[in-house]
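What follows is a short report on a single structure.
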Amino acid sequence: MILETKRLYLREMTQDDYGSLCKILQDEEVMYAYEHAFSDEEVQEWLDKQLARYREYGFGLWAVILKETDEMIGQCGLTMQDCSGRQVLEIGYLFQKAFWHQGYCTEAAAACKEYAFHTLKAPEVFSIIRDTNTASQNVARRNGMTVVEQFVKHYYNIDMPHLVFGIKNV
């Protein structure tokens, strides 16, 4: 276990989490900001990327487990992301649709911010969010973040405007 909150714990994902990850990454509604649900191969690539991040950085997107049921309901964690040509520490999150609007994402994201500031001693953290993704923007705001920058990311043959939310470790 990496982190624990009142209702959740976060741990590194393993290959055994592939099925739970499919429930997230293969849901078109969950993945609307990516413009497509992932194929089986893309889910495996995503999982492999997280496993590589754990080895390289000691962190990545972690499995979010609901304590009450021991079920993986989402993923949330820290990743290094390109932001206008520089690498920044980002809090990212994706949850199964059945668990939206219950505060789980905000709870997990706040714990990741505390981990970044207190364990990693990061001077600041960011969340890079598509301009149309108001739910994720609201999570960033509840996490104390404000918009500090905007840029366009080219992904899936589409130019996607993104907002960069940030907060400094004070």
Side-chain angles (χ1 to χ4, degrees), residues 2-13 21 24-25 27 29-36 38 42 45-46 49-50 52-64 73-97 99-170:
I2 308 289
L3 294 170
E4 184 176 11
T5 69
K6 182 179 175 187
R7 301 179 294 167
L8 310 167
Y9 68 89
L10 283 66
R11 61 160 174 77
E12 288 187 356
M13 285 188 271
L21 203 51
I24 301 165
L25 300 177
D27 182 321
E29 283 188 74
V30 171
M31 298 300 288
Y32 79 93
Y34 288 79
E35 294 290 335
H36 74 293
F38 281 15
E42 287 172 312
E45 288 171 12
W46 183 275
K49 187 179 217 175
Q50 302 321 311
R53 284 174 166 155
Y54 303 154
R55 289 189 300 272
E56 183 175 354
Y57 300 108
F59 54 81
L61 293 177
W62 296 307
V64 177
I73 64 169
Q75 54 183 339
C76 184
L78 299 163
T79 60
M80 296 306 295
Q81 293 290 335
D82 181 72
C83 179
S84 300
R86 71 186 195 285
Q87 290 291 303
V88 300
L89 184 62
E90 183 196 32
I91 300 170
Y93 33 84
L94 280 168
F95 280 72
Q96 286 183 43
K97 189 172 189 298
F99 297 94
W100 288 3
H101 309 298
Q102 297 174 57
Y104 296 124
C105 189
T106 299
E107 189 174 323
C112 288
K113 178 182 75 174
E114 294 307 309
Y115 184 90
F117 286 165
H118 297 111
T119 302
L120 301 179
K121 307 295 187 211
E124 57 190 343
V125 292
F126 301 89
S127 284
I128 303 166
I129 304 169
R130 191 155 175 204
D131 67 337
T132 56
N133 190 345
T134 54
S136 286
Q137 292 172 28
N138 289 337
V139 170
R141 286 185 182 97
R142 284 191 292 274
N143 208 6
M145 297 176 148
T146 57
V147 175
V148 296
E149 187 178 335
Q150 298 180 39
F151 72 100
V152 176
K153 195 184 279 192
H154 188 75
Y155 174 76
Y156 210 62
N157 296 316
I158 301 169
D159 286 333
M160 300 179 178
H162 280 69
L163 302 175
V164 181
F165 288 79
I167 187 169
K168 293 193 182 302
N169 187 359
V170 289

Under the criterion side chain to side chain contact (heavy atoms under 4.5 Å, CB included), I'd like the reasoning laid out for L21 against Q75: C-alpha separation, chi angles, the key distance, then a yes or no. CA-CA 8 Å; L21 203 51; Q75 54 183 339; 3.6 Å; yes
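- What you find for T79 and Q81 is that their closest heavy atoms are OG1-NE2, 3.0 Å.
- In this structure, the side chains of Y104 and T5 stay at 4.5 Å or more apart for every pair of heavy atoms.
- Interatomic distance, CG of L89 versus CE of M80, reported as 5.5 Å (0.5 Å rounding).
- Note that CD of E29 and CD of Q96 are 13.0 Å apart. Values are rounded to the nearest 0.5 Å.
- Put simply, CZ on F38 and CH2 on W46 are 5.0 Å apart, with the number rounded to the nearest 0.5 Å.
- The line from CG of D131 to NZ of K153 is 12.0 Å long, rounded to the nearest 0.5 Å.
- In this structure, R142 is not positioned above the aromatic face of Y93 in the sense of NZ or CZ being under 6.0 Å from the six-membered ring centre and within 45° of the axis.
- Interatomic distance, I158 CD1 to Y34 OH, rounded to the nearest 0.5 Å: 13.5 Å.
- Considering all non-hydrogen atoms of both residues, I91 and S127 come closest at O-OG, 2.8 Å.
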Yes or no on side chain to side chain contact (heavy atoms under 4.5 Å, CB included) for W100 and V30, after CA distance, side-chain angles and deciding distance? CA-CA 10 Å; W100 288 3; V30 171; 3.7 Å; yes
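- K113 places a side-chain N or O within 3.5 Å of a backbone atom of N143 that can act as its donor or acceptor partner.
- With rounding to the nearest 0.5 Å, the separation of CG in N138 from SG in C105 is 10.5 Å.
- Of all the heavy atoms in F151 and D82, the pair that sits closest is CZ-O, 4.2 Å.
- No side-chain heavy atom of E45 sits under 4.5 Å from any side-chain heavy atom of K49.
- Heavy-atom minimum distance, I24 versus G74: CD1-CA, 3.5 Å.
- Taking 4.5 Å as the limit, some side-chain heavy atom of C112 sits within range of a side-chain heavy atom of W62.
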Report the C-alpha distance between M145 and V139 in whole Å, list the side-chain angles of each, state the deciding distance to 0.1 Å, and finish with yes or no for side chain to side chain contact (heavy atoms under 4.5 Å, CB included). CA-CA 9 Å; M145 297 176 148; V139 170; over 6 Å; no
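- Closest approach of K121 and H118 over heavy atoms only: NZ-O, 2.8 Å.
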Go through the steps to decide whether L78 and E90 satisfy the test side chain to side chain contact (heavy atoms under 4.5 Å, CB included), and finish with yes or no. CA-CA 5 Å; L78 299 163; E90 183 196 32; over 6 Å; no
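- The two residues M31 and H36 have their closest heavy-atom pair at CB-O, 3.3 Å.
- Put simply, the side chain of Q50 gets close to the backbone of L61: a donor and an acceptor are under 3.5 Å apart.
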